[in-house]
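Structure record follows, encoded as structure tokens.
Every value quoted in this text rests on a predicted model; they were computed, and no experiment measured them.
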Amino acid sequence: MRHYTYLGDRLTDPALKGKACTAVERPDGKCIRGRNGTMLVQFEGGRKATVIGRLLRKKPTD
């Protein structure tokens, strides 16, 4: 699983800024990415959202 922190921007819902999320993967194990640089992620509460990939930061592996 790929874990990220979503930074957000000025138009982002404040409830999502700085929150941890996990990439939603295709059956072949790759992340679901859009042609315009977006990525489908799932936040801790189960909420799925399409976010801008540039605003995601990888979490260090433990």
Side-chain angles (χ1 to χ4, degrees):
M1 297 231 106
R2 295 175 178 97
H3 302 285
Y4 299 94
T5 300
Y6 181 55
L7 301 178
D9 60 3
R10 61 187 175 95
L11 300 176
T12 302
D13 181 6
L16 300 179
K17 285 187 180 182
K19 299 296 180 186
C21 59
T22 304
V24 177
E25 297 178 349
R26 301 186 311 200
D28 63 357
K30 293 184 179 182
C31 298
I32 299 176
R33 296 289 304 242
R35 292 182 183 177
N36 57 354
T38 59
M39 186 170 176
L40 182 61
V41 296
Q42 183 171 6
F43 290 93
E44 292 174 341
R47 179 177 178 184
K48 289 185 181 179
T50 304
V51 298
I52 299 171
R54 293 188 322 265
L55 301 176
L56 292 170
R57 298 294 181 263
K58 271 192 170 181
K59 285 184 140 183
T61 56
D62 294 335

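Atom CD of Glu44 is separated from atom NE2 of His3 by 10.5 Å, given to the nearest 0.5 angstrom. Distance check, rounded to the nearest 0.5 Å: CG of Asp13 to NZ of Lys19 gives 10.5 Å. Rounding to the nearest 0.5 Å places NZ of Lys48 at 13.0 Å from SG of Cys21. In this structure, the separation between OG1 on Thr38 and CD1 on Ile32 is 10.5 Å, given to the nearest 0.5 Å. To the nearest 0.5 angstrom, Leu11 atom CG is 8.5 Å from Ile52 atom CD1.
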Practice prompt. Evaluate side-chain contact (heavy atoms from CB on, under 4.5 Å) for Leu56 paired with Arg2, printing each intermediate quantity in order.
Written response: CA-CA 11 Å; Leu56 292 170; Arg2 295 175 178 97; over 6 Å; no
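In the hydrophobic clustering of this structure, Leu55 groups with Tyr4; members are Ile, Leu, Val, Met, Phe, Trp, Tyr whose side-chain heavy atoms approach within less than 4.5 Å, directly or through other members. Follow the hydrophobic side-chain contacts under 4.5 Å out from Leu16 and you never reach Leu40; the two are in separate clusters.
Within 6.0 Å of the CZ atom in Arg54, the count of heavy atoms belonging to other residues, nucleotides or ligands does not exceed 12.
A pairwise comparison of heavy atoms in Lys17 and Arg10 identifies NZ-CA, 4.2 Å as the closest pair. Looking at every heavy atom in both residues, Ala20 comes nearest to Lys59 through CB-NZ, 3.3 Å. The two atoms that bring Val41 and Val51 nearest to each other are CG2-CG2, 3.9 Å, heavy atoms only.
A donor-acceptor pair under 3.5 Å is absent between the side-chain atoms of Arg57 and the main chain of Tyr6, judged by distance alone.
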